[in-house]
K.L.:
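Quick one: the structure is below, questions incoming.
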Amino acid sequence: MKSETVLAIFTFSPVQSFISEARRAEDLFNGSAILSRLAYAAAQSVGAANLIYPVAIRKDDMPNKLVARLPADEAETILTKARDALIGEWHNIAADARQSAGLDSDEDWMSIWQRQVIQNPPWQVFWACQPETGNYTADYREVSRRLDAVKHTRLFAQSEEDGEKDSLSGQRSALRTASKSPKTYWAEMVKEKRITASQVKPEGRERLDGIGLVKRFAELREGRQFPSTSTIAGWDFYMQATKNAKEELAAYRQELTNLKLYRARGFDSEFPYDLDLLFKETLTTKRMEESYGIKLTEKELVPAKNRLNILVKKVGFEPSPYYAILLLDGDGIGKKLDKMKGDSENGEAFHHRFSERLAKFAQRTAELVEPSQGGFLVYNGGDDVLLLTSLQTAIRLARELAATYEKAFDGLIKATLSGAVLIAHHLSPLSRALTDLRRAERYAKGVNKDELGNKDTLCVALAKRGGEPLLARSGWNLLEGFEEDWVAAFRDGKLANSLPYLLREDLRVAEELEDDATRALVCYRFKRQAGEGFKQEAGSLAERWLDWTKSMEGKLSAPSKSEPKEVRRKAFEEAVNWLVIARFLGQGGKE
């Protein structure tokens, strides 16, 4: 008998690569917002009554995958209309962004725009259907298999992109008119259209293609502006200034007003400027011209420099030039959905409850990631989260999100988050930071998993300027008290700054030692590098540190693939790296 309904999965791409084409935090934020709006348009077209996942349709933070039950004889029509709705929404967003930018155009300009945005939009849309058999679990596996086959067999034409390339992707033709080079065109547009340096860098130093223009000028979240990486790096300092140095902050604000700098954060009456102006190195003639498009003399900058020095002295510390990016992802989602057992009703009920728990986690994430606490959400899709935070907030917030995720699934299935925290300099290219972040996420996932695919691991990557990131992994449970115990010990001078490096040298010998001898050596080194009155506590920290290494050995061990000595060496190396990270945080993220 022919089934009257089908189980359908609808999805589109690219996702990560689209978001990651970014030179500034606003690009990340707008890229995520665009994806959510496209998914929202498709979901509305499919209809909430037909959806199994997600459990609710919302404009912001929609996943790019929809699961639906559809009438068999209408499924292709419904899914085709969903694709058309998605592409139509893209065209609407693009038209609004183009109007907002108000740029000059001619036939050549329109040719590039039409090719990149209208004729060959970046979106690849896929779907697959499976007639329902009465066994939801089996049907879901089959439709997932069919979807994978569709993705691997469909080919998409590549358009020819000639001439000077854009600044975001480095692969597509930059928008230009026939009589001007891209550099000249964008330099003139920024100047003539009064486009601020926060939107496009002046003097042709930034050139956008059609897709980059949409990202940069789309206004999708009620006029909300996403802060720059410099603002996020300076956030901890700024919060302290608003509490303990109000008069000094106001005086500095007045000096900036006198310089007639544009107000990137006009919504904040207390300090309406980008927080890069809290860093002394911003107050140079070169940076003023490059970042603010204004030519000032050193003499003209002196009053502002003096006021900033007074502000820093009052606050008691300088702002850290580092911020953090968090990327967290639910472990083994496919494995967990494979646990759908029994008949169709039970399998679907499990999937529905699983979807509800993801929605619950997304709601709690939105509550936990608060700008007032230094957290700024980019994407919140339920099983994956991308956000930027101030330096001192990062690891604590990551730990809270991991605990919240696990708690959301209590009583249903054991589910954990894994992912990465990248600590990056606010002036480092965002594209490189995102590449390092993805690498750190893969590194976090490169540990053993349980039968449900749970890895339960965080990797922190410390990316100082001019070098490769330092990587350290850990189970979440061992990060409890990280700030209060490890970071504070270095901040308060209870552990010497030289400890990580001396310990690293010691452990080159320890690789050949038995466990008891290694324990004695580590305890000796901790106590030797401890301040007076902290020797006993240092011994306790040494024991905890050794437990940390043992835990990582368990996560890394794979007898068929790795030598025990290599696993041990790797665990020691990463445990030392945790001490380096704790010291860096304890010093306030100073260079």
Side-chain angles (χ1 to χ4, degrees), residues 328-329 331-332 335 395 398-399 402-403 406 414-421 439-462 468-482 485-487 489 495 499-527 529 538-584:
L328 303 174
D329 182 52
D331 289 323
K335 283 271 188 184
I395 295 177
R399 199 168 59 238
E406 190 166 355
K414 178 175 173 55
T416 62
L417 275 181
S418 291
V421 170
R439 176 188 167 200
E441 183 203 23
R442 291 193 297 273
Y443 198 63
K445 298 279 187 176
V447 299
N448 297 330
K449 60 187 177 184
D450 65 17
E451 62 177 6
L452 292 173
N454 293 314
K455 298 184 177 182
D456 200 25
T457 299
L458 176 70
C459 174
V460 173
L462 174 56
E468 287 298 308
L470 178 145
L471 303 172
R473 292 173 290 190
S474 175
W476 293 105
N477 60 314
L478 293 170
L479 291 173
E480 288 294 332
F482 181 74
D485 298 334
W486 299 98
V487 174
L495 289 176
L499 172 61
Y501 304 106
L502 293 174
L503 190 59
R504 197 187 301 277
E505 292 298 318
D506 292 340
L507 291 172
R508 291 178 181 174
V509 177
E511 290 181 18
E512 305 299 326
L513 299 177
E514 297 295 328
D515 285 351
D516 287 347
T518 299
R519 185 171 294 275
L521 177 61
V522 169
C523 288
Y524 163 79
R525 177 55 65 194
F526 266 78
K527 291 179 178 179
Q529 302 309 120
S540 297
L541 285 177
E543 295 288 347
R544 285 174 57 186
W545 187 86
L546 286 162
D547 290 342
W548 210 339
T549 63
K550 282 295 182 184
S551 174
M552 276 311 301
E553 283 186 54
K555 281 185 172 290
L556 296 174
S557 62
S560 61
K561 296 181 180 179
S562 304
E563 291 290 332
K565 282 187 178 180
E566 176 62 21
V567 169
R568 190 180 192 217
R569 184 197 64 78
K570 195 66 179 172
F572 275 139
E573 177 186 315
E574 294 191 32
V576 169
N577 288 349
W578 277 111
L579 295 179
V580 175
I581 292 166
R583 190 194 70 166
F584 179 80

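Just so you know, these numbers come straight off a predicted model, no measurement behind them.
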K.L.:
Would you call D485 and R544 a salt bridge, using N to O less than 4.0 angstrom?
P.N.:
yes
K.L.:
Would you compute the distance between atom NZ of K414 and atom OG1 of T416 and round it to the nearest 0.5 angstrom?
P.N.:
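Reported to 0.5 Å precision, the distance equals 6.0 Å.
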K.L.:
Which atoms form the tightest heavy-atom contact between W486 and L541, and what is the distance?
P.N.:
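Closest pair (atom of W486, atom of L541, distance): CH2-O, 3.2 Å.
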K.L.:
Could you list the residues that satisfy salt bridge (charged side-chain N to carboxylate O under 4.0 Å, His left out) with R519, not counting sequence neighbours?
P.N.:
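Partners of R519 by the salt bridge (charged side-chain N to carboxylate O under 4.0 Å, His left out) criterion, ordered by chain and then number, come out as E543.
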K.L.:
Please report the interatomic distance CZ(R504) to CG(N577), rounded to the nearest 0.5 Å.
P.N.:
5.0 Å
K.L.:
For the pair D331 (side chain) and A415 (backbone), establish whether a donor and an acceptor sit closer than 3.5 Å, ignoring hydrogens and angles.
P.N.:
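Checked: no pair found.
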K.L.:
Main chain of L479, side chain of R399: is a donor-acceptor contact present, judged purely on distance under 3.5 Å?
P.N.:
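Side chain of R399 to backbone of L479: a pair is present.
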K.L.:
Between CD1 of I395 and CG of L458, what distance do you get to the nearest 0.5 Å?
P.N.:
7.0 Å
K.L.:
Quick one: closest heavy-atom pair of G419 and A444, and the distance?
P.N.:
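Here G419 and A444 meet closest at O-CB, 3.2 Å.
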K.L.:
Which class fits the ring pair W578 and W548: parallel under 30°, tilted 30 to 60°, perpendicular over 60°?
P.N.:
parallel
K.L.:
List the atom of A461, the atom of A440, and the distance in Å for their closest heavy-atom pair.
P.N.:
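Looking at all heavy atoms of both residues, the shortest contact is CB-CB, 3.9 Å.
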K.L.:
So, using side chain to side chain contact (heavy atoms under 4.5 Å, CB included) as the criterion, who are the partners of E468 when residues are at least two apart?
P.N.:
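For E468, the residues satisfying side chain to side chain contact (heavy atoms under 4.5 Å, CB included) (neighbours in sequence not counted) are R432, R439.
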K.L.:
Could you give the distance from CG (L495) to NZ (K527), rounded to the nearest 0.5 Å?
P.N.:
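It is 13.0 Å, given to the nearest 0.5 Å.
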K.L.:
Among residues at least two apart in sequence or on other chains, which ones pass salt bridge (charged side-chain N to carboxylate O under 4.0 Å, His left out) with K449?
P.N.:
none
K.L.:
Kindly write out the residues that satisfy ring pair (Phe, Tyr, Trp, His ring centres under 6.0 Å) with W476, not counting sequence neighbours, or none if the list is empty.
P.N.:
none
K.L.:
For D456, does its backbone N or O pair with a side-chain atom of N454 as donor and acceptor, under 3.5 Å?
P.N.:
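Side chain of N454 to backbone of D456: no pair is present.
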K.L.:
Starting at CD of Q529, measure out to OH of Y524 and round the result to the nearest 0.5 Å.
P.N.:
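If I round to the nearest 0.5 Å, the distance is 8.0 Å.
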K.L.:
About how many Å separate NZ of K570 and NZ of K555, when rounded to the nearest 0.5 Å?
P.N.:
16.0 Å
K.L.:
Which residues pass the side chain to side chain donor-acceptor pair (under 3.5 Å) test with T549, not counting sequence neighbours?
P.N.:
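Expected list: none.
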K.L.:
Is the closest basic N to carboxylate O distance between K455 and D329 below 4.0 Å?
P.N.:
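The answer is no: the pair does not qualify as a salt bridge.
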K.L.:
Looking only at heavy atoms, which two atoms of I581 and A472 are closest? And how far apart?
P.N.:
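Answer, listing the atom of I581 first, then A472: CD1-CB, 3.9 Å.
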K.L.:
Between E451 and K335, does any NZ, NE, NH1 or NH2 come within less than 4.0 Å of an OD or OE carboxylate oxygen?
P.N.:
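No, this pair does not count.
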K.L.:
Using a 6.0 Å distance limit plus a 45 degree cone around the ring axis, check whether R473 lies over the aromatic ring of Y443.
P.N.:
yes
K.L.:
Using atom types as modelled and distance alone, determine if a side-chain donor or acceptor of S551 lies under 3.5 Å from a backbone N or O of D547.
P.N.:
no
K.L.:
Identify, with sequence neighbours excluded, every residue that meets side chain to side chain donor-acceptor pair (under 3.5 Å) alongside R442.
P.N.:
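R442: no side chain to side chain donor-acceptor pair (under 3.5 Å) contacts found.
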